[in-house]
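First comes the structure, then the notes that go with it.
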Amino acid sequence: MTVARFGRISRTVWILALILILALVLLWKIRNDGPTFDYTLGGPLYPYPPEQIEGFLLTTGGAQYRLDRTGEGTWTLTGALTDFVNAAALEKALRELTSAAGGPLMPGTQPEDRRFEFNGPGAIRLTVFDRDGGRTPLALGAVNPVTGLVYASGAGRGSCFPVTLEIQRLLAGLPEAVRTKTLLPKFPLQSVTGVEIEGGPSNIRLLRQQDQWWLKAADSGLNDLHPLVSSYHAMYQDRQREQEGELWLLADPDAVGLLLDETCALIVREFVPAGLAEANLVDWNLKPPYRRVTLSGRALNPDPRYGDPDRLDIAFGLSLDGELVPARRLENVMLTDERALKSLEKPASELVEIQALAFPVVLADSISVLFQGGEVLRGHRDLELFADILEGKNKDLDRVEGRRSWVTDFPDLPSIVPSTLSKHLRVRNLVVDLERIPILTVLPPVSDDGMFRKEGRSKVTVFIFEEEGLRSEVLEFGWLVPEHLPQGVGSMLNTDEGEPAGLWRPQTGQLMQVPDQTLVTIRNLAIHLNE
């Protein structure tokens with residue numbers, strides 16, 4: 001009796017242990033496979049977040065496409081179409097897909113029931129690949145003419161079920177809806193270190209070094225440049241450099257930025273079908289291209305399987321109708337605005353820096369303005385405000401953003417409006433005006449200020465913190481007295497705008513005629529201060 005009782009207890013323990021093991025296995029499976037659903041009354045098509053999707057294979061319109069996530073924020077498009085992907089548009093499509101639901105299971109139906117045209121001309125097939133290596137197929141067939149719903153099969157169901165027409169439209173719109181709709185994928189200007197434009201009278205080369213853009217001078221030197229550009233570089237050599245036997249001229253960063261914007265960031269108006277594009281490559285001057293723009297920069301290409309990971313290029317043909325221009329990226333032909341050509345057809349001299357000041361005043365640290373010896377304005381750039389302005393923006397610094405980070409320290413006048421905006425506009429407008437001062441005439445250097453009238457003299461000091469310490473740029477403005485200029489120089493002045501005004505940099509001796517706007521602005525500041 002004792003032995004038998006011991007045997008019965010052993011069997012009970014084994015049964016309980018087996019039940020415990022099965023429960024643990026089931027719990028592990030639930031945790032690793034995710035929740036299970038009873039789809040009898042309907043449920044989500046893909047019961048996991050969009051981040052779980054690593055790629056999918058889509059068959060629609062008789063063509064097959066593959067989209068894959070290759071890294072954070074990066075997707076590739078291959079198959080019947082190879083192109084750059086707009087990651088934001090694709091993520092939006094994934095959110096719509098993972099939030100979509102299928103309707104109740106249809107009794108008496110089998111997977112991909114023949115009655116619902118899952119192999120018909122309008123059918124769509126999608127296989128989603130998730131992060132855990134799973135594959136979830138989905139097939140869409142005919143539309144129910146009464147309910148307007150679409151017959152579907154797959155997505156973990158053993159029977160057919162309906163989905164909304166919006167799901168069909170979402171999948172039918174791929175991959176066109178997620179192709180990059182700008183001429184090239186978006187990139188921050190700081191990531192571009194080189195630009196080459198092929199075609200035209202001569203190739204154009206630009207290099208960015210230490211936050212400055214440089215333009216390679218033509219083999220003919222300065223002779224082919226605009227007369228004003230030639231005269232400046234003939235008189236002063238502070239905006240040129242020689243590198244490996246080649247002459248490089250300081251380029252205007254705004255002009256370079258505009259060039260890149262109009263040749264890379266313009267909107268694609270239309271994608272040309274592959275067959276039509278191939279038949280017109282020669283007629284549209286895309287083979288060989290009328291102009292080709294090549295950009296270089298570290299990890300610039302978001303899909304390095306196609307070409308150099310540090311290069312992007314795009315080709316342009318001639319205008320088709322005075323409004324649209326054909327362009328080609330990878331093997332795809334697109335139509336865009338004619339603005340792209342207008343920018344590419346400009347002479348190289350329009351890229352050369354020809355503003356009176358070649359350093360970014362809006363990115364300086366502080367400024368002081370004197371009128372006839374008395375201070376009339378003082379301000380500084382607020383770094384915290386500057387950071388707040390740029391937070392969340394992957395944009396390049398421009399004059400507008402730089403302007404808003406400046407605050408007025410003196411005079412401490414009450415604002416006309418409840419905010420301090422009108423007070424800060426004093427210094428904000430001035431720093432931008434200083435950046436935009438054009439040169440009217442390049443004059444020979446002078447060692448003293450005898451060429452200025454005593455009345456109306458203004459002095460602006462711009463302070464810049466650098467690794468070596470504080471640097472100051474001194475700018476003196478005044479009314480020029482032609483007879484006090486070196487012999488023969490007075491006849492060079494541009495008198496179309498009335499009494500000539502000048503800008504003198506005493507640290508270098510550089511002298512140039514400029515519009516009188518800055519002089520008038522500073523004089524008005526003095527008048528308002530004394531009111």
Side-chain angles (χ1 to χ4, degrees), residues 212 215 217 221-241 247-252 254-255 347-361 364 367 369-373 430-462 471-523:
Q212 288 184 315
L215 170 72
L222 306 176
N223 297 330
D224 295 334
L225 298 177
H226 186 280
L228 190 61
V229 176
S230 299
S231 62
Y232 183 92
H233 284 276
M235 194 81 67
Y236 303 109
Q237 283 73 53
D238 62 313
R239 301 183 186 183
Q240 55 184 258
R241 63 193 299 180
L247 179 64
W248 293 79
L249 309 178
L250 186 66
D252 179 357
D254 290 331
S349 61
E350 293 196 20
L351 294 170
V352 180
E353 177 63 82
I354 197 55
Q355 301 296 323
L357 303 178
F359 62 92
V361 181
I367 191 170
V369 181
L370 305 181
F371 178 74
Q372 296 188 164
L430 182 65
V431 293
V432 173
D433 289 343
L434 288 172
E435 284 228 338
R436 295 176 175 174
I437 298 175
I439 300 174
L440 297 181
T441 309
V442 180
L443 301 172
V446 296
S447 57
D448 58 58
D449 59 359
M451 68 290 177
F452 284 149
R453 282 197 338 227
K454 292 182 179 180
E455 301 81 12
R457 292 281 301 275
S458 302
K459 179 180 178 180
V460 177
T461 305
V462 181
R471 174 169 68 92
S472 62
E473 294 283 350
V474 180
L475 316 170
E476 296 202 18
F477 296 87
W479 301 105
L480 291 167
V481 181
E483 53 268 26
H484 291 176
L485 291 168
Q487 187 174 5
V489 174
S491 61
M492 298 169 56
L493 297 176
N494 183 336
T495 58
D496 294 342
E497 298 189 11
E499 196 172 6
L503 165 59
W504 179 52
R505 302 182 66 179
Q507 294 155 305
T508 62
Q510 290 172 307
L511 178 66
M512 55 198 80
Q513 182 189 358
V514 296
D516 63 2
Q517 179 180 344
T518 304
L519 268 172
V520 173
T521 298
I522 296 175
R523 182 193 64 192

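These numbers come from the heavy atoms of this one structure, side chains and all, not from hydrogens, waters or symmetry mates. Quantities reported herein were computed from a predicted structural model and do not represent experimental measurements.
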Pairwise distance [atom1]([X]) to [atom2]([Y]) - rounded to 0.5 angstrom:
X	Y	atom1	atom2	value
Leu503	Leu357	CG	CG	6.0 Å
Glu476	Lys459	CD	NZ	6.0 Å
Met492	Leu485	CE	CG	9.5 Å
Trp479	Ser458	CH2	OG	9.5 Å
Glu455	Gln372	CD	CD	7.0 Å
Leu247	Gln237	CG	CD	10.0 Å

TODO: Locate the shortest heavy-atom distance separating Val369 from Leu430; write the atom from each residue and the value.
DONE: CG2-CD2, 3.5 Å

Task: Heavy-atom closest pair, residues Glu350 and Ala255 - done: O-CB, 3.8 Å

Task: From CA spacing to verdict: side chain to side chain contact (heavy atoms under 4.5 Å, CB included), Trp248, Leu215 - done: CA-CA 5 Å; Trp248 293 79; Leu215 170 72; 5.6 Å; no

- [ ] Test side chain to side chain contact (heavy atoms under 4.5 Å, CB included) on Leu249 and Leu222 and set out the steps.
- [x] CA-CA 10 Å; Leu249 309 178; Leu222 306 176; 4.0 Å; yes

Open item on the list: Could you check whether any side-chain heavy atom of Phe452 comes within less than 4.5 Å of a side-chain heavy atom of Leu480, counting everything from C-beta outward?
Closed with: yes

TODO: Taking the side chain as every heavy atom from C-beta outward, state whether Asp496 and Leu440 have any atom pair closer than 4.5 Å.
DONE: no

Task: Within residues 438-450 or reaching into it, pairs that qualify as salt bridge (charged side-chain N to carboxylate O under 4.0 Å, His left out) - sequence neighbours excluded - done: Asp449-Arg457

Open item on the list: Applying side chain to side chain donor-acceptor pair (under 3.5 Å), can you list everything that pairs with Arg241, at least two apart in sequence or on another chain?
Closed with: Gln209

Open item on the list: If we ignore hydrogens and angles and just use 3.5 Å, is the side chain of Gln240 paired with the main-chain N or O of His233 as donor and acceptor?
Closed with: yes

TODO: May I ask you to decide if Ser349's main-chain N or O and His226's side chain share a donor-acceptor pair within less than 3.5 Å?
DONE: no

Task: Derivation of the side chain to side chain contact (heavy atoms under 4.5 Å, CB included) call for Val460 and Ile367 - done: CA-CA 7 Å; Val460 177; Ile367 191 170; 3.7 Å; yes

For residues 507-521, run the donor-acceptor check on the side chains, cut-off 3.5 Å, and write out each pair with its distance to 0.1 Å, sequence neighbours left out.
unit_1: Gln507; atom_1: OE1; unit_2: Val474; atom_2: N; d: 2.9
unit_1: Gln507; atom_1: NE2; unit_2: Ser472; atom_2: O; d: 2.9
unit_1: Thr508; atom_1: OG1; unit_2: Arg505; atom_2: O; d: 3.4
unit_1: Thr508; atom_1: OG1; unit_2: Gln510; atom_2: N; d: 3.3
unit_1: Thr508; atom_1: OG1; unit_2: Gln510; atom_2: OE1; d: 3.0
unit_1: Gln510; atom_1: NE2; unit_2: Tyr232; atom_2: OH; d: 2.9
unit_1: Gln510; atom_1: NE2; unit_2: Asp238; atom_2: OD1; d: 3.1
unit_1: Gln510; atom_1: NE2; unit_2: Asp238; atom_2: OD2; d: 3.3
unit_1: Gln513; atom_1: OE1; unit_2: Thr441; atom_2: OG1; d: 3.0
unit_1: Gln513; atom_1: OE1; unit_2: Asn494; atom_2: N; d: 2.8
unit_1: Gln513; atom_1: NE2; unit_2: Asn494; atom_2: O; d: 2.6
unit_1: Thr521; atom_1: OG1; unit_2: Gln517; atom_2: O; d: 2.9

